[in-house]
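Ligands are counted one by one from 1 in listed order, and the atoms in each one are counted from 1 as well. Just so it is clear, the structure is predicted and the values come from calculations on it, not from any experiment. Counting begins at 1 with the first residue of the sequence.
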Amino acid sequence: MSTKYIFITGGVVSGLGKGITASSLGRLLKNRGYKIINQKFDPYINVDPGTMSPYEHGEVFVTDDGAETDLDLGHYERFTDVNLNHNCSISSGKIYQNVINKERRGDYLGKTVQVIPHVTNEIKDNIYSFDGQADIVITELGGTIGDIESLAFVEAIRQVGLEKEPDDVMYIHVTLLPYITGSNEIKSKPTQHSVKELQSFGIKPDILVCRTETEIPIEIREKLALFCNVRPENVIPNLTAENLYAVPLMLEKYGLATAVCKKLKLEKSEPQNKEWENLIENIRNLSGEVNIALVGKYMHLQDSYLSVAESLRHGGFANGVKVNVGFIDSETITEKNVKDILGKYDGILVPGGFGNRGIEGKITAIKYARENNIPFLGICLGMQMAVVEFCRNVLKIQDANSAEFSTTTKNPVIHIMETQKVVTEKGGTMRLGSYPCVIKKDTLAYEIYVEENINERHRHRFEYNNDYKERLENAGLICSGTSPDGNLVEIVEYRNHPFFIAGQFHPEFKSRPDRPAPLFKALIKAAKESK
Ligand code: GLN
């Protein structure tokens with residue numbers, strides 16, 4: 001079959017769960033036996049979100065092939081269990097960078113380089129890069145229709161509709177139906193305006209997915225259909241689900257995937273949703289609670305730790321417990337108050353991060369976990385700080401630090417990687433993506449992974465300094481995982497503790513609701529048992 005294209009745009013306001021809709025649709029089509037791939041377009045000029053603050057944009061999600069991508073790719077991977085790649089997250093910056101590079105190379109020699117056709121062609125090349133690789137490409141356009149920044153993307157997706165067969169392309173518009181208390185009405189006008197705007201760019205939506213707090217009354221559905229030029233059965237309500245992972249089944253119930261199959265003439269239209277139904281049933285039946293403190297610094301925007309928080313919940317699903325995540329700002333933690341703040345938690349997690357702010361609070365939290373036998377998981381910066389803490393408080397190396405935070409310390413127990421010393425540009429130059437790690441037998445890491453050879457995703461510039469390895473290991477902080485050549489330390493664990501482990505990589509990027517990352521599953525198990 002020829003590759004089919006589904007484009008998802010958003011209207012009225014942002015934050016309507018477009019990413020979850022795209023992810024859910026991906027799952028529902030995969031469950032019908034199709035090979036799907038999700039793609040995200042972001043209109044900003046950064047080449048990728050790697051150079052943005054998590055405060056601005058939330059988490060940076062890392063793919064196996066080392067792309068720093070929009071956090072929606074995390075949703076896509078968690079819902080569809082399809083590993084994505086650098087072609088799946090495309091910003092205006094990346095498009096313009098390619099176009100300008102081509103111009104300088106002389107690829108367009110003699111031509112005036114313009115938005116149409118050069119920029120739009122570049123966008124379409126990215127869409128068509130999946131031709132033959134996937135049955136269905138689901139492309140989500142970030143932002144809201146009418147944004148100046150996204151016009152080139154809107155034009156490009158319009159052109160796809162013209163270039164491909166009518167049965168191979170469709171458009172889904174995700175909008176909001178506001179509910180007015182007092183008059184007790186659902187309002188259709190904002191959606192009508194948004195669709196009008198979309199149509200002014202030459203795109204006619206085939207399906208409306210309407211974010212709403214209540215069922216859509218039949219008369220509103222008919223009105224929307226009439227005014228927005230869609231079939232009434234293609235007005236799909238998107239209600240607040242009992243949990244995130246219940247959204248695909250809710251949208252299935254309201255006929256989203258059925259409408260898609262009909263429009264794209266997809267023959268395999270019978271869903272095989274049993275496994276997903278089992279997952280939701282499992283989530284419904286969780287009993288008991290585990291409280292985990294996530295000690296980080298980007299606390300005003302919880303999306304900064306999206307994959308970590310989701311992975312903790314996945315760990316809960318596997319252990320039959322609900323996980324409550326306490327978002328703790330490490331800047332508020334001191335030696336004096338650490339017990340008051342962290343004492344009520346069953347486990348402590350220190351995630352990845354960059355920069356000096358809040359570092360001492362993280363070290364204090366790690367010390368508290370280590371000394372009080374509280375299950376602890378450190379991720380990337382969390383591992384580096386576990387090493388610093390151990391050096392300072394057990395080996396009594398008072399000025400132990402990471403070279404990221406002190407250029408003058410005599411004891412850079414975490415230092416810049418050899419390969420990073422020559423790096424001058426910040427964007428896309430960290431150690432990124434999937435790397436192998438070899439796990440030593442008879443360790444907690446081996447007990448957790450039950451495998452000697454694993455692969456995990458990375459995003460860092462600094463690493464464990466092997467000059468301190470012997471002393472650290474002799475004192476009990478052993479290296480249970482390294483790169484295959486043994487040079488890079490990937491996992492450390494503390495022997496004299498029920499559960500104290502940290503990885504230089506980011507296990508959260510590979511966690512799935514029905515297949516939690518082993519370290520998270522083990523942390524929740526340890527936290528549950530410690531209660
Ligand atoms: N800032 C640290 C480094 O660059 C840790 C990065 C991270 O936690 N992702 O090595």
Side-chain angles (χ1 to χ4, degrees), residues 48-55 57-64 66-69 71 73-74 294-299 303-309 311 330 348-363 365-366 376-389 391 400-407 409 412-435 437 456-466 468 481-483 487-492 501-511 517 519-520:
D48 60 46
T51 51
M52 282 186 222
S53 161
Y55 268 135
H57 195 69
E59 157 187 290
V60 174
F61 186 81
V62 180
T63 55
D64 269 342
E68 296 178 281
T69 73
L71 54 73
L73 269 80
L294 199 165
V295 182
K297 72 168 177 181
Y298 311 108
M299 286 310 169
D303 271 358
S304 305
Y305 299 109
L306 188 60
S307 293
V308 173
S311 303
S330 62
I348 294 173
L349 188 151
V350 177
F354 296 84
N356 214 359
R357 192 168 57 79
I359 283 301
E360 293 305 321
K362 288 180 189 174
I363 294 172
I366 295 167
F376 167 77
L377 173 61
I379 294 176
C380 206
L381 182 66
M383 166 185 141
Q384 298 174 353
M385 291 307 102
V387 174
V388 170
E389 187 278 317
C391 285
N401 212 336
S402 164
E404 183 180 0
F405 311 126
S406 167
T407 45
T409 176
V413 296
I414 302 297
H415 62 175
I416 189 119
M417 299 178 75
E418 208 47 51
T419 48
Q420 288 290 325
K421 288 185 179 158
V422 290
V423 168
T424 49
E425 290 191 0
K426 291 262 191 273
T429 55
M430 279 186 255
R431 182 183 184 222
L432 288 166
S434 181
Y435 283 91
C437 165
E456 292 282 12
R457 298 182 192 173
H458 294 250
R459 183 173 184 247
H460 62 111
R461 289 188 205 281
F462 294 83
E463 64 164 326
Y464 180 106
N465 184 343
N466 287 326
Y468 296 85
T482 61
S483 55
N487 285 338
L488 301 175
V489 171
E490 300 281 21
I491 309 176
V492 298
I501 190 161
Q504 184 57 76
F505 45 77
H506 291 270
E508 69 272 25
F509 295 140
K510 285 174 65 170
S511 189
L519 284 167
F520 286 91

Original post:
For Leu381, is at least one N or O under 3.5 Å away from an N or O on ligand 1?
Top reply: yes

Subject >> Flag, side chain of Asp48 to backbone of Gly427, donor-acceptor distance under 3.5 Å >> reply: no

Subject >> side-chain contact (heavy atoms from CB on, under 4.5 Å) assessment of Met383 paired with Phe505 >> reply: CA-CA 9 Å; Met383 166 185 141; Phe505 45 77; over 6 Å; no

**OP:** Return yes if some donor-acceptor pair links the side-chain N/O of Gln384 with the main-chain N/O of Ser402 below 3.5 Å, else return no.
**Re:** no

**OP:** May I ask you to check if ligand 1 and Arg459 share an N or O to N or O distance below 3.5 Å?
**Re:** yes

**OP:** Starting from atom 7 (C) of ligand 1, locate the nearest protein heavy atom and write down its residue, its atom name and how far away it is, to 0.1 Å.
**Re:** Cys380 SG, 3.0 Å

**OP:** Heavy-atom contacts with Glu404 under 4.0 Å: which atoms of ligand 1 show up? List them by number with element.
**Re:** 1 (N), 2 (C), 3 (C)

**OP:** May I ask whether Met417 places a heavy atom under 4.0 Å from ligand 1?
**Re:** no

Original post:
Would you call the rings of Tyr298 and Tyr305 parallel, tilted or perpendicular if under 30° counts as parallel and over 60° as perpendicular?
Top reply: tilted

**OP:** List every atom of ligand 1 that sits less than 4.0 Å from any heavy atom of Gly353, numbering the atoms from 1 in the order shown and giving each element.
**Re:** 1 (N), 2 (C), 5 (C), 6 (C), 7 (C), 8 (O)

Subject >> Short N-O contact, Glu68 and Lys426, less than 4.0 angstrom >> reply: no

Subject >> Element-labelled atoms of ligand 1 that are located less than 4.0 Å from some non-hydrogen atom of Arg461 >> reply: 3 (C), 4 (O), 10 (O)

Subject >> Non-hydrogen atom of Glu463 closer than 4.0 Å to ligand 1 >> reply: no

Original post:
How far apart are the closest heavy atoms of Arg459 and Cys380, and which atoms are they?
Top reply: O-SG, 3.8 Å

Original post:
Relative to ligand 1, is Gln384 under 4.0 angstrom through side chain, backbone, both or neither, heavy atoms considered?
Top reply: side chain

Original post:
What is the closest protein heavy atom to atom 10 (O) of ligand 1, and at what distance does it sit?
Top reply: Phe462 N, 2.9 Å

Original post:
Side-chain donor-acceptor pair under 3.5 Å between Ser307 and Glu59, yes or no?
Top reply: yes

